Amino acid sequence: MKKLFFLSFLLLSLMSAYGSKPVVAILGDSYSTFQGYVQPDTNLVWYWQGDRKGRTDVNSVGHTWWSILTSADSPWSLGVNNSYSGSTISHRGYRNKDYRDRSFITRMDNLGDPDIILVFGATNDSWAGVPAGEYKYKDWTEADLYTFRPAMARMMEGLRELYPKATVYFLLNSELRHDINESAEEICRHYGVKLIALEDIDKDHGHPTQKGMKSIAAQVAAAIAR
């Protein structure tokens with residue numbers, strides 16, 4: 001009962017501030033995908049309807065962290081979910097392939113008109129061995145964007161320019177490389193972006209299970225509601 005009262009109070013407060021439910025946009029990778037629920041629909045997805053061999057027990061869109069976060073009785077509504085499985089923030093991907101077509105930098109201009117932007121990235125930069133590079137906050141060259149630090153800074157600068165009224169949060173996965181974690185934290189501090197360092201995420205095949213999705217949703221909700 002107390003939890004229901006709190007959520008109702010929070011919803012009324014946010015609706016009063018925004019005039020309606022705040023709209024959440026997601027810029028993400030496989031952790032935020034689900035078949036039929038990403039924009040554009042040509043983006044690759046990792047989570048699918050029904051059971052599939054080599055996947056987690058997340059087999060319904062209602063299991064995803066973002067669906068839980070923006071459910072009908074929550075304080076937030078979902079706008080654009082521009083997530084792409086396997087994508088990196090930088091233009092460099094697995095086996096040093098060029099991921100310019102799917103990078104977060106390339107996709108960041110297609111998020112609609114959100115009040116809140118949740119960027120859930122850096123996992124594939126970490127797993128693919130993308131070089132950290134140097135901290136650089138302006139005058140980026142094309143080569144710079146194939147390393148993590150300049151690419152993330154370029155993304156943050158771009159989000160600020162494209163969506164000046166939106167509040168940006170960066171979701172940082174657990175169990176990533178130390179230099180990726182350190183870099184994400186430093187760049188978020190530089191841009192005044194709120195970083196949500198996720199903890200204790202249950203995973204299978206490197207991806208959140210139903211239990212892990214619920215944990216992500218709870219941690220993100222708590223951070224936004226502060």
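Bear in mind the structure is a predicted one, so any value in this text is a computation, not a measurement.
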Of the non-hydrogen atoms in [X] and [Y], which two are nearest, and what is the gap between them?
X	Y	answer
A122	I89	N-CD1, 3.6 Å
K21	S71	NZ-O, 3.7 Å
V58	Q210	CG2-N, 3.5 Å
I68	K214	CD1-CG, 4.0 Å
P114	A25	CB-CB, 3.6 Å

Could you measure the distance from the [atom1] atom of [X] to the [atom2] atom of [Y]? Nearest 0.5 Å is fine.
X	Y	atom1	atom2	result
L111	L162	CG	CG	8.0 Å
I180	R149	CD1	CZ	8.0 Å
T167	I116	OG1	CD1	6.5 Å
H207	T33	NE2	OG1	7.0 Å
L69	L78	CG	CG	9.0 Å
T209	I201	OG1	CD1	9.0 Å

Distance-only, no hydrogens or angles: does the [X] side chain make a donor-acceptor pair with backbone N or O of [Y] under 3.5 Å?
X	Y	value
D115	V23	yes
S126	L176	no
D125	S90	yes
D29	G121	no
S67	T64	no
S215	G212	no
K136	D139	yes
N81	S32	yes
T70	W66	yes
R107	D101	no

Item to check | For V80, side-chain contact (heavy atoms from CB on, under 4.5 Å) partners two or more places apart | outcome: Q39, N82

Item to check | ring-ring contact (aromatic ring centres under 6.0 Å, His included) partners for Y169, two or more places apart | outcome: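 ring-ring contact (aromatic ring centres under 6.0 Å, His included) check on Y169 returns nothing, list empty.
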
Checklist entry - Looking at residues at least two apart in the chain, or sitting in another chain, which of them share a ring-ring contact (aromatic ring centres under 6.0 Å, His included) with H63? => result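 By the ring-ring contact (aromatic ring centres under 6.0 Å, His included) rule, H63 matches no residue at all.
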
Checklist entry - Going by the salt bridge (charged side-chain N to carboxylate O under 4.0 Å, His left out) test, which pairs reach into residues 185-205, not counting sequence neighbours? => result E175-K203, E186-R189

Next on the checklist: According to salt bridge (charged side-chain N to carboxylate O under 4.0 Å, His left out), does anything in residues 150-174 pair up with another residue at least two apart or in another chain? List the pairs.
Outcome noted: E157-R160

Checklist entry - Any link between M108 and L44 through a network of hydrophobic side chains (Ile, Leu, Val, Met, Phe, Trp, Tyr) touching at under 4.5 Å? => result no

Checklist entry - Is I105 reachable from Y191 through a run of I, L, V, M, F, W or Y residues, each pair having side-chain heavy atoms under 4.5 Å apart? => result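 Yes: a chain of side-chain contacts under 4.5 Å links Y191 to I105.
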
Item to check | Partners meeting salt bridge (Lys or Arg N to Asp or Glu O under 4.0 Å) with R55 (sequence neighbours left out) | outcome: none

Report yes if the distance between the aromatic ring centroids of [X] and [Y] is under 6.0 Å, otherwise no.
X	Y	answer
W127	Y94	no
F120	Y31	yes
Y99	H91	no

Next on the checklist: Would you say CD of E142 has more than 12 non-hydrogen atoms from neighbouring residues, nucleotides or ligands within 6.0 angstrom?
Outcome noted: yes

Checklist entry - side chain to side chain donor-acceptor pair (under 3.5 Å) between T106 and S103: does it pass, once the steps are laid out? => result CA-CA 5 Å; T106 297; S103 73; 3.1 Å; yes

Can you tell if the side chain of [X] reaches within under 4.5 Å of the side chain of [Y], non-hydrogen atoms only?
X	Y	result
V119	L171	no
Q49	F34	yes
L198	I216	yes
L27	M155	yes
Y163	I117	yes

Next on the checklist: Go through it in stages, so that I can follow the logic: the residues are N124 and T88, the test is side chain to side chain donor-acceptor pair (under 3.5 Å), and I'd like the CA-CA distance, side-chain angles, deciding distance and then a yes or no.
Outcome noted: CA-CA 5 Å; N124 290 301; T88 46; over 6 Å; no

Next on the checklist: As a quick check of understanding, evaluate side chain to side chain donor-acceptor pair (under 3.5 Å) for H205 and T56, giving each step before the final call.
Outcome noted: CA-CA 7 Å; H205 293 85; T56 71; over 6 Å; no

Checklist entry - Run the side-chain contact (heavy atoms from CB on, under 4.5 Å) check on W65 and I26 step by step: do they pass? => result CA-CA 11 Å; W65 69 267; I26 299 167; 4.0 Å; yes

Next on the checklist: Check whether Y146 forms a cation-pi arrangement with R92 (NZ or CZ under 6.0 Å from the six-membered ring centre, at most 45° off the ring normal).
Outcome noted: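 Judged by the rule (NZ or CZ under 6.0 Å from the ring centre, within 45° of its axis), R92 is not positioned above Y146.
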
